[in-house]
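Notes for the one structure printed next.
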Number of protein chains: 2
Amino acid sequence: MNETPQWLSPAEQHAWRNFVRLHQKLRARMERDLQAHAKLSGADFEILVALTDVPAGRLRFQDLGRAVDWEQSRLSHQIARMIKRGLVVREECAEDARRAFVVITPAGRKTIEAAAPHHVATVRRLVIDALSPDELATLARISNRILEQLDEAPP
Amino acid sequence: MNETPQWLSPAEQHAWRNFVRLHQKLRARMERDLQAHAKLSGADFEILVALTDVPAGRLRFQDLGRAVDWEQSRLSHQIARMIKRGLVVREECAEDARRAFVVITPAGRKTIEAAAPHHVATVRRLVIDALSPDELATLARISNRILEQLDEAPP
DNA sequence: ACGTGTCAGTTGATGTGTCATGTACTCTAA
DNA sequence: TTAGAGTACATGACACATCAACTGACACGT
């Protein structure tokens, strides 16, 4: 039906490969860094940030899911693990027994507060400071563009 | 010793959050796409690409590890799974019994050849075509810059 | 020949992400 | 008022990543 498949040009391939490599390396690095300094996974960190973003440190399961943009199942598993480690607790909902809240514990708060400065410093050192303000803006714009593309073409 | 921890400026935070979000979404999307169309994980794909990049479709374990830039253990587990699915086979090394080769099977070759065009098309549609040539070049440059930063600051 | 160190790869434990399915609860409409 | 649809979350099975500990093979000096 269609012509020979459209391969990437050398420049395109170069950009794509670099980008993929960046993904993998940066992700692995951040993960190890966080683990080493705070005994937290990136997932833990994200959840704790979302919870501390709201004053009560307490969110409905679903709202938390929206905040971090995760699937329900992933969240459920993750919260179960975090409960086991005492970072958060589950709270029943009086009005609707199906619902549940996730609440950060004092230990969880302490952990995230201890972890955040170093994490931010790492982000700054590895990413922000490596780029000019212009490049940073471009990166933000590019990211947005691709994210839109993703939303537009879900099939 | 140091002042109050240096948080990110709004612009920096915006860029960083977008970038992280992009990571997660794009990765998940590519993974699902590959899985749906070719029954391959991203990991499978990477291995098969590395193997087809070399004429014999056959690489020493270690060379394969360098090609995809993975840790040994990860590679070992992955290859074990791929052997079980018939995508590759292991071959002993006559000269040095410690070494081993990984060889792509005809089935593996068929799988990757079936998967690649759709995958490339997806990359093009979601990423390449969403950006101007200038932006793409900037993305490549930025990626390189950060990768260098990662290499320079391993602790 | 024989330790000893190092190399190449394996294995098991644990945490993580995804899919499909399960379950308890609530709502709605006949 | 109750059957059935839909909601909110849980669970089990599996693939994947990482860490640490392990095995077996080679290399080499004594």
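None of these values were measured; they are calculated from a predicted model. Lettering follows sequence order; numbering is per chain, from 1.
The residue among A/D96 and A/H77 whose nearest nucleotide of DNA chain D is located toward the 5' end is A/D96.
Between the P atom of C/dG17 and the CD atom of A/Q72 lies a distance of 15 Å, rounded to the nearest Å. Rounded to whole angstrom, the span from the CG atom of A/L75 across to the P atom of C/dT18 amounts to 12 Å. One atom, CD1 of A/I83, and another, P of D/dA10, lie 8 Å apart when rounded to the nearest Å.
Checking the phosphate oxygens (OP1, OP2) of C/dG17, a side-chain nitrogen or oxygen of A/R74 falls inside 4.0 Å. Taking 4.0 angstrom as the limit, A/R32 places none of its side-chain polar atoms (N or O) nearer than this to OP1 or OP2 of D/dT18.
Between B/E31 and B/R27 there is a salt bridge, since at least one side-chain N of the basic residue sits less than 4.0 Å from a carboxylate O of the acidic one.
The residue A/R99 sits close only to the backbone: its heavy atoms come under 4.0 Å of sugar-phosphate atoms, none of a base. At a threshold of 4.0 angstrom between heavy atoms, the contacts of A/E71 are confined to the sugar-phosphate backbone, with no base atom among them. Looking at heavy-atom distances under 4.0 Å, B/S41 makes contact with sugar-phosphate atoms alone, never a base. Counting any heavy atom pair closer than 4.0 Å across all strands shown, A/E31 reaches no nucleic acid atom.
Against DNA chain D, the stretch residues 56-68 of chain B makes no heavy-atom approach under 4.0 Å.
Put simply, the residue from B/L64, B/D69, B/D63 that forms a side chain to side chain contact (heavy atoms under 4.5 Å, CB included) with B/R66 is B/D63.
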